[in-house]
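Below, all heavy atoms of this structure are taken into account, side chains as well, without hydrogens, waters or symmetry copies. In listed order, ligands and their atoms are each counted from 1.
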Amino acid sequence: MSWEDNVRKVTPYVAGEQPKKENVIKLNTNECPYPPAPGVAKLAARMEWDRLRLYPDPDASVLVNALAKYYHVSPKQVFAGVGSDDVLSMAFLTFFHGGKPILFPDITYSFYDVWAELYGIPYKTCALDQEFHIRPGDYRQPNGGVIFPNPNAPTGVFESLDVAEQILMDNRDVVVIVDEAYVDFGGESALPLLKKYDNLLVVQTFSKSRSMAGLRIGFCIGSEKMIGYLNDVKFSVNSYTLNLPSQILGAEAVRDDAYFKSVTGRIVATRERVKGELKKLGFSFPDSRANFIFAAHEAIPAGQIFQALRENDIYVRHWDRPRISNSLRITIGTDEQMDRLLDFLGRYVAGYGKCGASRIHAGT
Ligand SMILES: *Cc1c(COP(=O)(O)O)cnc(C)c1O
């Protein structure tokens, strides 16, 4: 007998690399290349640091109220957490407590099966079709809950709200979570469906479209009853999840809608341009509505391109997993960053097969 026999053993989620090197082109974790709203830095400079002596508001009211106002819901329908990973983890713990397996797509955010394993929640994956679309009929089987991202990760594929509603209609007796981490880049939020479905939970984050991955802010919106249950669990784990600066600065970011729209608009414009350029280089991909493109090359294995990029200080994401091992997930950066990526890829693709191709340098 050893103390190790009593350890809860888990296989953790593997996050994208955060390189320690300076001056790399970082397109591997879907961060925003633009700074947070200007008011955020101004407010941070005027912060009353003495307040850090005190615990923060356990209800994160400033942030919750700002979000409620922005999304036209009651503050009682909003729950905030330490990134949407915290919100999702709490939601798994709270709502997926039946005996039946929860359902999610076979290709999706790779944290879902980690939480399911951690909390002992049985789960079953439903295969996306050849074009990486959800087949709503798959979700018409006995289950303990449903979760899917929309747009999906890492594919970028967006499902129309008809698909979301079909799944909700077929699953009135369980909680259906729509993870909208990327919805601000041209998707359509399921929030209006809240009026019809009290079993819907919509989860969003400040990490991608609001340029605040470093502050760790996520939130969800659902029926008052659902948010009540979520709070009961949260207050049984840790009362003070969101720190004071995150609450105050997050609320400030929500108030600057013009900046938010301009940043997401710029990323969408860059994405559309890069789609055209990647096609010219022999890449194909499902049509993305997120801040990344999931691209496969017609002739060159993704693993090789990934390595060549990395050696030239351009970081993208690659998974050695069934159905997706030949694709690279490329985050949309600034126009300049994308031009450097495209420039490298152009020379790499042209030189592929000829000797020394992997020694091409990214240049400036
Ligand atoms: C990035 C991401 C999240 C979590 O992001 P946080 O930084 O924890 O808010 C959740 N779901 C999906 C699908 C994501 O891609």
Query raised in the report: For ligand 1, which atoms, with element, lie under 4.0 Å from some heavy atom of Gly83?
Result: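 Answer, ordered by atom number: 8 (O), 9 (O).
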Requested in this report: Kindly identify the option in Tyr182, Phe111, Phe148 whose heavy atom sits closest to atom 15 (O) of ligand 1.
Outcome: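 Of the listed residues, Tyr182 has the closest heavy atom.
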Requested in this report: Return the option from Lys208, Glu31, Arg329, Arg210 holding the heavy atom at the smallest distance from atom 3 (C) of ligand 1.
Outcome: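 It is Lys208 that holds the nearest heavy atom.
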Show every donor-acceptor pair shorter than 3.5 Å between a side-chain atom in residues 92-103 and any protein atom, with sequence neighbours excluded, or say none if there are none.
| residue | atom | partner | partner atom | Å |
| --- | --- | --- | --- | --- |
| Thr94 | OG1 | Met90 | O | 2.6 |

Query raised in the report: Got the closest protein heavy atom to atom 8 (O) of ligand 1, with its distance?
Result: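 The answer is Arg216 NH2, 2.8 Å.
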Query raised in the report: Which protein heavy atom lies closest to atom 5 (O) of ligand 1, and at what distance to 0.1 Å?
Result: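 Protein heavy atom at minimum distance: Ser84 OG, 3.3 Å.
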Query raised in the report: Can Glu252 and Lys42 be counted as an ion pair, charged N to O under 4.0 angstrom?
Result: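 Judged by the 4.0 Å cut-off on N to carboxylate O distance, Glu252 and Lys42 do not form a salt bridge.
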Query raised in the report: Between Arg135 and Asp138, is the closest basic N to carboxylate O distance under 4.0 Å?
Result: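 Judged by the 4.0 Å cut-off on N to carboxylate O distance, Asp138 and Arg135 do form a salt bridge.
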Query raised in the report: Where does Asp179 meet ligand 1, judged by heavy-atom distances below 4.0 Å: at the side chain, the backbone, both, or neither?
Result: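 Only the side chain of Asp179 comes within reach of ligand 1.
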Report task. Could you tell me whether Ser207 approaches ligand 1 through its side chain, its backbone, both or neither, with non-hydrogen atoms closer than 4.0 Å? Result ->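 It is the side chain that touches ligand 1; the backbone stays farther off.
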**Report entry** Minimum side-chain heavy-atom gap Asp57-Tyr240 below 4.5 Å
**Finding:**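 No, too far: nothing below the 4.5 Å cut-off.
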Query raised in the report: Would Arg321 and Asp106 satisfy salt bridge (Lys or Arg N to Asp or Glu O under 4.0 Å), going step by step from the backbone distance to the final call?
Result: CA-CA 11 Å; Arg321 291 201 188 161; Asp106 63 336; over 6 Å; no
Query raised in the report: Does the N or O separation between Tyr109 and ligand 1 drop below 3.5 Å for any pair?
Result: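 N/O-N/O distance below 3.5 Å does not exist for this pair.
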Query raised in the report: With only distance considered, is Tyr112 within less than 3.5 Å of ligand 1 through an N or O on each side?
Result: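 Tyr112 vs ligand 1: no N/O contact under 3.5 Å.
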Query raised in the report: Is there a salt bridge (Lys or Arg N to Asp or Glu O under 4.0 Å) between Lys26 and Glu17 once you walk through the steps?
Result: CA-CA 9 Å; Lys26 193 172 177 306; Glu17 191 176 349; over 6 Å; no
Report task. Applying side-chain hydrogen bond (donor to acceptor under 3.5 Å, both in side chains), name anything that partners Asp170, two or more places apart in sequence or on another chain. Result ->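 side-chain hydrogen bond (donor to acceptor under 3.5 Å, both in side chains) list for Asp170, sorted by chain: Arg140, Gln166.
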